[in-house]
Number of protein chains: 2
Amino acid sequence: MERIDYCLIALRRILRATEMHGKELAQAAGMTPVQLRVAQIVAETGTSTGGAIARRMHVAPATITSMIDKLERAGHVERQRSHADRRQTIIALTDKGQDALSRAPDALQQRFAAAFEALEDWEQAMIVAALERVATMLDAGEAERGAVLYPGEF
Amino acid sequence: MERIDYCLIALRRILRATEMHGKELAQAAGMTPVQLRVAQIVAETGTSTGGAIARRMHVAPATITSMIDKLERAGHVERQRSHADRRQTIIALTDKGQDALSRAPDALQQRFAAAFEALEDWEQAMIVAALERVATMLDAGEAERGAVLYPGEF
DNA sequence: ATCCATTAGTTAGTCTATCGAACCAAATAG
DNA sequence: CTATTTGGTTCGATAGACTAACTAATGGAT
């Protein structure tokens, strides 16, 4: 087998582990994976408008409206009309939402972080370099091919 | 910023690039991403039974039934009853399906492969080592925590 | 000052993916 | 030869996503 095959297999393992993990996490928080993602973005940005979340997640505004509906019905977030621009609705995490998020400790991230910290310095450096190399190889040309990056997007 | 943060950002870039790419590919094949995945598995295994695909993809049999329905309606695959065990239905790719798959050249994979092949030998080795290290760190404990691996699953 | 284009968000309707439960038919174990 | 297991399907429900049409607020340009 070629080296590149090992790469692809490893990448698929990474993808799969991440995805599986997302489901577990969401379970812990009592939401679906996508809802959790939305809630995390709201938490991360303090308060957010629907449009900002939509752009950040690369989905249509209508999708976010529906997600926020569900999160609101579950009491995880609240809508408030913006004073500055009354077209906007500000989304804020409720205490209950905060609570739910805290009940979803990012086990994967933590396990990874712990394992990573335990590595030798040179090995950490190697991994960072390799991951960035791979990321660049994978998303090269992304920008030119129509993917628009939005403010707040990485 | 810590080194681990760079890792996580690179990982997210990898995840995103892969996901975006899946959509493009599916578009090219005239299917949805999931349908493409199913078709690829059928192609890869020659012929497959529904159950095998379900286990391979970690979804419920009912889901595969519905996917196969769609692929069959689109003329991409065919169902045949197995002679050996008449409970089984064998899924086979049609010519049209084959064609659709070939129209979805795996651009990402190819771009990645090309970039990878162009690297120095030592760098290739480093990347393989790093990716496998990361994969192991991420999916460590996966097996114990109830994820069952099926034959044909890697 | 008023009209109009733009922007933010929602509503309605549609589609895909997914699941669990109930179910049928074939295979196999006692 | 029954009883159980296995493979797949049907059915109904739910989540996520999109488009198109709509409402409401903003902000220019005249």
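Naming convention: chains lettered A, B, ... in sequence-line order (proteins, then strands); numbering from 1 in each chain.
Scanning all heavy atoms of the two residues, the minimum distance from T47(A) to A92(A) falls at CG2-CB, 4.0 Å. The two atoms that bring A100(B) and H76(B) nearest to each other are CB-CE1, 3.8 Å, heavy atoms only. The two residues A104(B) and A28(B) have their closest heavy-atom pair at CA-CB, 4.3 Å. L71(A) and A39(A) make their closest contact through CD1-N, 4.3 Å (heavy atoms, listed as atom of the first residue, atom of the second, distance).
Counting only heavy atoms from C-beta outward, the side chains of M31(A) and V38(A) never approach each other to under 4.5 Å. Between K70(A) and V34(A) the shortest side-chain heavy-atom distance does not fall below 4.5 Å.
Results of the side-chain contact (heavy atoms from CB on, under 4.5 Å) test with V42(A) over I90(A), I53(A), L101(A) single out I53(A) as the only residue that passes.
Note on T63(A): every side-chain N or O is 4.0 Å or more away from OP1 and OP2 of dA17(D). Residue K70(A) has no polar side-chain atom (N or O) positioned under 4.0 Å from OP1 or OP2 of dT14(D).
The CZ-P distance, from R37(A) to dG16(D), rounds to 14 Å in whole Å. The nearest whole Å value for the distance from the CE atom in M67(B) to the P atom in dC19(C) is 11 Å. Per the geometry, CD1 belonging to I68(A) stands 16 Å off C1' belonging to dT11(C), to the nearest Å. One can place CE of M31(B) at 16 Å from C1' of dA17(C), the figure rounded to the nearest angstrom. Put simply, CG on L36(B) is 16 Å from P on dT16(C), counting in whole angstrom units. Computed from coordinates, the I64(B) CD1 to dT10(D) C1' distance equals 16 Å when rounded to whole Å. The CD atom of E72(A) sits 15 Å away from the C1' atom of dT11(C) (whole-angstrom rounding).
With T94(A) contributing its side chain and G75(A) its backbone, the two residues share a donor-acceptor pair below 3.5 Å. For Q124(A) (side chain) and F116(A) (main-chain N/O), a donor-acceptor pair under 3.5 Å exists by modelled atom type.
A62(A) comes within contact range of at least one nucleobase, with a heavy-atom separation under 4.0 Å.
Residues from residues 45-53 of chain B placing a heavy atom under 4.0 Å of any atom in DNA chain D, listed by number, are T49(B), G50(B), G51(B). Contacts of residues 74-91 of chain B with DNA chain D (heavy atom under 4.0 Å): R79(B), R87(B), Q88(B), T89(B).
The nearest heavy atom of DNA chain C to K23(A) and to D69(A) marks one nucleotide each, and the one closer to the 5' end goes with D69(A).
Looking at the side chain of V34(B), the nearest of the listed nucleotides dA17(C), dG16(D), dC18(D) is dA17(C).
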